[in-house]
There are 2 protein chains.
Amino acid sequence: MNLTNEIIKHLYYSDCLSVSELSVCTGKSIPKIADEVATLLRDHLLIEDGFAASTGGRRAMRYSLAVDRLPIIISIAIDQFYTAIGIADIRNTLLAPIHTFPVAIYDDEHAFATIIAAAREAIDRLGNPKHCLLGLTMPGFVDSERGLNHSFPSSSPFFNIKQRVESELGYPTAVANDSSAIAVAEHKFGKGRGSQDILVVNFNWGVGLGMIISNKIYKGHSGYAGEFSHIPLANSQKLCSCGKKGCLEVEASLVSVFDAIKAALADGEASHLQQTFQENGEITFSDLLFAFAHGDQVTLRAVKNIMHMLGKGLSTLIHIMNPERIIVSGKGEGFGNDLLPALNSSIQEYCIPRLSRLTEISVSDLNNVQIIASACIAMQQPILIYPKLKHNKLQQL
Amino acid sequence: MNLTNEIIKHLYYSDCLSVSELSVCTGKSIPKIADEVATLLRDHLLIEDGFAASTGGRRAMRYSLAVDRLPIIISIAIDQFYTAIGIADIRNTLLAPIHTFPVAIYDDEHAFATIIAAAREAIDRLGNPKHCLLGLTMPGFVDSERGLNHSFPSSSPFFNIKQRVESELGYPTAVANDSSAIAVAEHKFGKGRGSQDILVVNFNWGVGLGMIISNKIYKGHSGYAGEFSHIPLANSQKLCSCGKKGCLEVEASLVSVFDAIKAALADGEASHLQQTFQENGEITFSDLLFAFAHGDQVTLRAVKNIMHMLGKGLSTLIHIMNPERIIVSGKGEGFGNDLLPALNSSIQEYCIPRLSRLTEISVSDLNNVQIIASACIAMQQPILIYPKLKHNKLQQL
DNA sequence: CTTACTTATTAATTTTTTTAAAAAGTTAGT
DNA sequence: ACTAACTTTTTAAAAAAATTAATAAGTAAG
């Protein structure tokens, strides 16, 4: 990665920075950064953004990215049941509302076509911008280096996903696993900002785990680290898709919340959702959030039980990793801080107090995390492909 | 850390290296290394150690450390019940047999005095060498930076351990937690050589865990990472010292092996150890190893049960960390590869096969690991305090 | 409004790396 | 056995980057 791109990347994550701040976060010397910034300024890729707040000495000039000279970021966020598409400029301003639509991704070719069609439509509506970067995140064992998703057979369009998307849409594309990407998003834009070691739980239809260790994503030796959802924990008899019993996933995911509620409704328990279910034949995620926010007993109980199991899982993580912070993110973030009491009491039960005291548990405050996550992934690519000409080389021309 | 010390350190771990190998492992350029090596050679701190094996081109000169010009390493390895003292030169040749003696380290002042006396005697016998480095490893929450062991009250000599040892013995001292240090030893000298991400289980009176992530020890945000022994796992009713039930430590340590055997003997079960116990009133660790090696049924069963529990713990680690390798080390290493069948079958039971296939489980082949570990810790200090004079500066004199 | 103190920016020097060239060895074919 | 092609280490020269020092720009207290 060249310095130019590195500077742009840091400014993307931090909005605006001074030369000396850039020097610290790139690890390069001040003269080097000053030189590079001057070049970028001359090329109108950076703009001066006023002086920094006073710190007792000469005030530093702050620089930020020139929106109209830098690429547009296209984010595609895929989960088991829904896909969302977002388009934003380099300063994270959405250029159109996020478009979310249902797609079940085991439905291969059709699912892929639907997603591509939706993306193309969104891009068309913006007048087919030329200079774009695309980031795509989805569940499964994703090899970001090669752009493959090994959870799909090689016949599936989702297998060689990077190449397929690039050939369909024509923009440089980076792909990553949803939970890993969400960890990056929380680390750069969410509650994990400034922490070196954080764990991010992707509380979604399943439960994923993304780990940031020493400021970088930890993937383990073969890329499977964070297979948190299948650690042996519960004494339950429910069978997991992996073939074992007692996996965290069957006890602590959004799917299990829905299962618990549906079972209660079938038992005829009183609930706001009883009517919703009869009227619409189904319960959506927003129905669930509404019921939770309005104190529906069945919903509260289901969520509380799930948080108890999740807390047991987090206790194990705390013992092993001693993280600075654990962030509950993903779709389940929508429940907000009301998740914390049940979670903390469970951690209190399963964790040595000396350790649990040292890890802060929080719920994400990022809406549409996976869209932000996809944008972060898009930005992992080279932003400017043609390296800027240096001062003296230019003068020769 | 200056380059001179860095080169010496790499040679300590690798015995002998060529300039280009040193360039790779220090991350410095070849001219820089060549220059530095020339200086060290001139000062007789390095010696030419013949040509490297042919690789198809010009053969490289290999360099190794000059034993008599470099410090002697004093290792002090403390565990709950025993302490061992080893003294070796910079090429890891023992200068005297390792002296092991029983000390219970909760017995503060007396225990400390015993250890210091033994160390002083060993040093005396070698004629009080002037240039020494001392490394000390022990259980507890050790802050290596400050040289403190927070598991002891501030009144204990083991609390401000670095300072106390330095003032008693007069040699620069580094201290570390036993399990962390053993992980380093396995990474540098044991089966973890060449791997980037390894987990090392310190199978001792308790069970500890040391983690090497991206070639460096991972301690977590506040230094407590690897508190593996208290993760909630077993359904047993035995109470752990931490106040909880079902901790790994009460089910998977050497202490628990002894407990199981003693219970069986009390029940009158037939065993080689029955006689040993009646004759000596106790069973030593070597009795245990002997019985195990000779197929004593009671011993085999006890060890097998413990390995089953340890395997369950390792399964959790594999899911979360996806390590390249897990090494069972510590005193329990003495059982050798016979530990593996029970361990692997347990991992098979609790782990997703896709994951367990990717992690190799092995038993350490390092005898007296903790002595080697202490030496590694000793070497984390600056080896040469007075920086070598550079070529040109010297010529000015 | 001056003095003491911070901090950013610029300039000069030193260090380090990169690149290129030379030297030393190995292998295989005639 | 000897030469040609190829590898790899070592040395030398050029380029890049980091340190260090100097300067400019700002703040705060008396």
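Chain A is the first sequence line, chain B the second, and so forth, proteins listed ahead of strands; every chain is numbered from 1.
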Do Thr4(B) and Glu36(B) have side-chain N/O donor and acceptor atoms under 3.5 Å apart? yes
Set of salt bridge (Lys or Arg N to Asp or Glu O under 4.0 Å) partners for Arg193(B), sequence neighbours left out: none
Can you list the residues that meet the side-chain hydrogen bond (donor to acceptor under 3.5 Å, both in side chains) rule with Asp49(A), with sequence neighbours excluded? Ser64(A)
Residues passing the salt bridge (Lys or Arg N to Asp or Glu O under 4.0 Å) test with Arg62(A), sequence neighbours excluded, are Glu21(A)
Produce the list of close N/O pairs, under 3.5 Å, pairing protein atoms with atoms of nucleotides 20-25 of chain C; give distances to one decimal.
| unit_1 | atom_1 | unit_2 | atom_2 | d |
| --- | --- | --- | --- | --- |
| dG25(C) | N2 | Gly56(B) | O | 3.3 |

Check side-chain hydrogen bond (donor to acceptor under 3.5 Å, both in side chains) between Ser180(A) and all other residues, then give those that pass, not counting sequence neighbours. none
With sequence neighbours left out, the residues meeting salt bridge (Lys or Arg N to Asp or Glu O under 4.0 Å) with Glu166(A) are Lys162(A)
Using a cut-off of 4.0 Å on non-hydrogen atoms, how would the nucleic acid contact of Ala60(B) be classed: base, sugar-phosphate, or nothing? sugar-phosphate
The criterion is side-chain contact (heavy atoms from CB on, under 4.5 Å); which residues satisfy it with Asn367(A), sequence neighbours excluded? Glu333(A)
Could you list the residues that satisfy salt bridge (Lys or Arg N to Asp or Glu O under 4.0 Å) with Arg69(B), not counting sequence neighbours? none
Five pairs at each end of the helix from dC1(C)-dG30(D) to dT30(C)-dA1(D): take the axis at both ends and give me the angle between them to 10°. 10°
Which residues in residues 18-31 of chain A have at least one heavy atom lying under 4.0 Å from any atom of DNA chain D? Lys28(A), Ser29(A), Pro31(A)
For Lys219(A), what residues pass the side-chain hydrogen bond (donor to acceptor under 3.5 Å, both in side chains) criterion, not counting sequence neighbours? Ser144(A)
Got a sec, which residues hit side-chain hydrogen bond (donor to acceptor under 3.5 Å, both in side chains) with Asp365(B), two or more places apart in sequence or on another chain? none
